[in-house]
J.: 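I have a structure I would like to understand better, so I am pasting it below and will then ask my questions one at a time.
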Amino acid sequence: MTTDTEYVKIAEKAWREALEIAKSVEGWKVEKEDKELGDIVESCRNSAGRKIYRCKSTISIPPKLLIAALTDTDRVTTWNFTLTEARTLKKISDTVAISYQVTSDGGGGLVSARDFIYVSMQGYDGRTFVMGGQSVEYKDGPTSGGIVRAVNGPGCQMVIPTGDRNKSQMVWLMDCDYKGWIPQSVLDIAMPFAQTSFLESVRKLAIKLKEEGKF
């Protein structure tokens, strides 16, 4: 059985690895780009040879509000439409938690929903907020039922302040082994689709918070 101390070590290691990959510049290839919105999705191969994906965009939302939304796991599905379920299974400390998440169908229905159990850690790299982690086994977690369980390697979401206090650069590094038999050609569509859908969700959240007078 994995102890809380071991989960913290797993989270810390994944956080550091994901941050290093997310900040790297070599070996990335553009998969999808929207010059009007400023969205970019890139891919490269991880050490196991699997394709991993990174998206970036600058969005009109103050970093503080975006960080609050990203870290409120139990309410994340109210705005992040790439997930249909998300809940905290165990809060180990103020910065480390284990959560259960279920994805929406990917790539416009090309890939069926997946679920995963994830340990994550929150922290800062200078002024950049980073929430990173990876999949873990957790004995009290839900069983998959009819859903295929995906396995996430080290990944992270980063909120980087810009020169404008009402804007944030959002970065999401995704290393997901979707399991099940899916051709790479399908994943090449589904993965960038998931990332741009997430950025679109953040954009809609920003508009909603602006309309509510939050900034």
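Computed from a predicted model, the values in this text were never measured in an experiment. In what follows, residues are counted from 1 in the order of the sequence shown.
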J.: First locate atom CD1 of I40, then atom NZ of K32, and finally report the distance between them rounded to the nearest 0.5 Å.
T.: 12.5 Å
J.: Quick one: do K9 and E6 make a salt bridge, cutoff under 4.0 Å?
T.: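 Looking at K9 and E6, the cut-off is not met.
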J.: Is it true that K210 and E212 have a side-chain N and a carboxylate O under 4.0 angstrom from each other?
T.: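 Between E212 and K210 there is no salt bridge, as every charged N stays at least 4.0 Å from the carboxylate O atoms.
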J.: With side chains defined as the heavy atoms from C-beta onward, is the minimum distance between I98 and K91 less than 4.5 Å?
T.: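 Result no, sub-4.5 Å side-chain heavy-atom pair not found.
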J.: Say whether T162 and D164, considering side chains only, have a donor N or O and an acceptor N or O under 3.5 Å apart.
T.: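 No - no donor-acceptor pair under 3.5 Å links their side chains.
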J.: Atom NZ of residue position K23 - does it have more than 12 heavy atoms of other residues, nucleotides or ligands inside 6.0 Å?
T.: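 No, the 6.0 Å shell around NZ holds no more than 12 heavy atoms from other groups.
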J.: Examine distances only and state if a side-chain atom of T88 and a backbone atom of K90 form a donor-acceptor pair shorter than 3.5 Å.
T.: no
J.: Would you call E20-R16 a salt bridge at under 4.0 Å N-O?
T.: no
J.: Within the 3.5 Å criterion, strictly below it, is a donor on Y118 or N152 matched to an acceptor on the partner's side chain?
T.: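 There is no such pair between these side chains.
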J.: Compute both the distance and the angle, then confirm whether R54 meets the cation-pi test with W28: under 6.0 Å from the six-membered ring centre, within 45 degrees of the axis.
T.: yes
J.: Is it the case that the side chains of D188 and Y53 hold a donor-acceptor pair, with the cut-off being a distance below 3.5 Å and no angle test?
T.: yes
J.: Mind checking the OH-CZ spacing from Y178 to R50? Nearest 0.5 Å is all I need.
T.: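 Here the rounded value is 12.0 Å.
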J.: For the residue pair Y124 and F129, does the interplanar ring angle fall in the parallel (under 30°), tilted (30 to 60°) or perpendicular (over 60°) class?
T.: perpendicular
J.: Out of curiosity, Q157 CD to S120 OG, how far, rounded to the nearest 0.5 Å?
T.: 9.5 Å
J.: Could you state the interatomic distance from CG (D34) to SG (C55), rounded to the nearest 0.5 Å?
T.: 12.5 Å
J.: Look up atom CE in M158 and atom NZ in K56, then write down how far apart they are to the nearest 0.5 Å.
T.: 8.5 Å
J.: Under a 4.5 Å cut-off applied to non-hydrogen side-chain atoms, are I59 and L199 in contact?
T.: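 The answer is yes; the side chains approach within 4.5 Å.
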J.: Within a 6.0 Å radius of atom CZ on R75, are there more than 12 heavy atoms belonging to other residues, nucleotides or ligands?
T.: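 No.
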J.: Hey, does the side chain of T73 reach the backbone of R87 with a donor-acceptor pair shorter than 3.5 angstrom?
T.: no
J.: Under 3.5 Å, side chain of D125 to main-chain N/O of T128, donor-acceptor pair present?
T.: no
J.: Examine L173 and I67 and state if one hydrophobic cluster contains both, with Ile, Leu, Val, Met, Phe, Trp and Tyr joined whenever side-chain heavy atoms are less than 4.5 Å apart.
T.: no
J.: State whether a side-chain donor-acceptor pair under 3.5 Å links R203 with S57.
T.: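 Looking only at side-chain atoms, S57 and R203 do form a donor-acceptor pair, the distance falling under 3.5 Å.
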J.: For I147, does its backbone N or O pair with a side-chain atom of R149 as donor and acceptor, under 3.5 Å?
T.: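 Not confirmed, R149 side chain does not pair with I147 backbone.
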J.: Evaluate the side-chain proximity of L66 to M170: yes if any heavy-atom separation is below 4.5 Å, no if none is.
T.: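 Contact flag for M170/L66 side chains = yes.
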J.: Can a donor-acceptor pair be found, under 3.5 Å and without considering hydrogens, that links the side chain of E31 to the backbone of S43?
T.: no
J.: So, taking the atom named CG in D72 and the one named OG1 in T77, what distance separates them when rounded to the nearest 0.5 Å?
T.: 10.0 Å
J.: So K13 and E17, do their side chains get closer than 4.5 Å, heavy atoms only?
T.: yes
